[in-house]
Amino acid sequence: MRDLYIRSMSLPEPIPRENYLANLPVVKYLSEKGIELHKQVTFFVGENGSGKSTLVEALAISQGFNPEGGTKNFRFSTEASHSELYDYLRVARGVIRPRDGFFLRAESFYNVASNIDQLDREGGGGMPIIASYGGVSLHRQSHGESFLSLVENRFGGKGLYILDEPEAALSPRGVIRLMQNMDDLVQDDSQFIIATHSPMLLTFPGAEIYQIKEDGIESVRFQDTDHYRTTVRFLQNPESAIEDIGLIHNS
Ligand SMILES: Nc1ncnc2c1ncn2[C@@H]1O[C@H](COP(=O)(O)OP(=O)(O)OP(=O)(O)O)[C@@H](O)[C@H]1O
Ligand SMILES: [Mg+2]
């Protein structure tokens, strides 16, 4: 892939100080320096509340996706809960436009599934929408199965895929399947921008990882993320980790 669909994000206008957005670490950094994307896979990682969802949601809305998730054709809304960051966000796009795209929010994937079923019930001529999602209602599959169906059947390549915690429903083997699918899609000129807490996913080869902290954002190797270190340290010696955090347990 010679160019990325999304090259950078910045905030040219200041956000009023009284707006909670102005105090999010990710927003402060966007205002000061902007964020450049260099790789076909970019991860945003950081503590709960650091602003990852706010950022990827604003990016998705700026690219014409429904705030609650889906393709650009989804227009349903169950609750208007998105922030106004997209009003301020400036996105530099590459020369070539993506041919496919999806915005996945783990939080509202259920509503995407309902919307597909509803549109198919209403009909509209042509192929049912669910056909391109593997043919089985996403409500008749488990959370993880439906998510993998989406990636394996609906993600068509040469696409922009913005994913918020795609690991939420997946077993460790499911995460590996997701990574295999991502690899195929990356080979086929796709770009992924992903908010995640998954140390496994962070090991995706060639990805850039932006770690959000109170004092800014830095590009780090997966081995240097808090998520990876904490998980490895914990799993290497669970007994001592449990003792360290002071759990009272009967053994
Ligand atoms: N309407 C609102 N008013 C005030 N603060 C809000 C509002 N909506 C969200 N926030 C705050 O914005 C912050 C960033 O939320 P966001 O969902 O982007 O975090 P996150 O990094 O995705 O966290 P997580 O890892 O838990 O998904 C949170 O601290 C949240 O409380
Ligand atoms: Mg989030």
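Indexing begins at 1, ligand by ligand and atom by atom, following the structure's order. Counting from 1, the numbers follow the sequence of the chain as shown.
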List every atom of ligand 1 that sits less than 4.0 Å from any heavy atom of [X], numbering the atoms from 1 in the order shown and giving each element.
| X | value |
| --- | --- |
| Leu24 | 12 (O), 13 (C), 14 (C) |
| Glu47 | 21 (O) |
| Ser50 | 19 (O), 21 (O) |
| Gly49 | 13 (C), 14 (C), 19 (O), 20 (P), 21 (O), 23 (O), 24 (P), 26 (O), 28 (C), 29 (O) |

Under 3.5 Å donor-acceptor, [X] side chain and [Y] backbone:
| X | Y | value |
| --- | --- | --- |
| Asp3 | Gly94 | no |
| Ser190 | Val186 | no |
| Arg90 | Ser8 | no |
| Asp188 | Asp184 | no |

Close approach of [X] to ligand 1, heavy atoms, under 4.0 angstrom:
| X | result |
| --- | --- |
| Glu165 | yes |
| Ala195 | no |
| Gly46 | no |

Item to complete: Between Ile212 and ligand 1, find which residue part has any heavy-atom pair under 4.0 Å and reply side chain, backbone, both or neither.
Response: neither

Worksheet item: Which residue from Asn19, Val45, Val27, Thr54 reaches closest to atom 18 (O) of ligand 1 through any of its heavy atoms?
Response: Thr54

Worksheet item: Just going by heavy-atom distances, which of Arg105, His197, Lys52 is nearest to atom 21 (O) of ligand 1?
Response: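 Minimum heavy-atom distance to atom 21 (O) of ligand 1 goes to Lys52.
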
Could you pull out every donor-acceptor pair under 3.5 Å between side chains of residues 18-33 and any protein atom, sequence neighbours left out?
from  : atom 1 : to    : atom 2 : distance (Å)
Asn19 : OD1    : Leu21 : N      : 3.0
Asn19 : ND2    : Glu84 : OE2    : 2.7
Ser31 : OG     : Val27 : O      : 3.0

Item to complete: Please state whether the separation between the Mg ion (ligand 2) and some N/O/S atom of Ser53 is under 2.8 Å?
Response: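 Looking at Ser53, which is the residue asked about, there is an N, O or S atom under 2.8 Å from the Mg ion (ligand 2).
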
Worksheet item: Will you find, in the side chains of Thr42 and Glu208, an N or O donor that is under 3.5 Å from an N or O acceptor?
Response: no

Fill in: Glu13 CD: over 12 foreign heavy atoms closer than 6.0 Å
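Atom CD in Glu13 is not crowded, with 12 or fewer foreign heavy atoms closer than 6.0 Å.
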
Item to complete: Taking the six-membered ring for Trp and the single ring otherwise, decide whether the centroids of Tyr210 and Phe44 are under 6.0 Å apart.
Response: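 Between Phe44 and Tyr210, which both carry aromatic rings, the centre distance is below 6.0 Å.
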
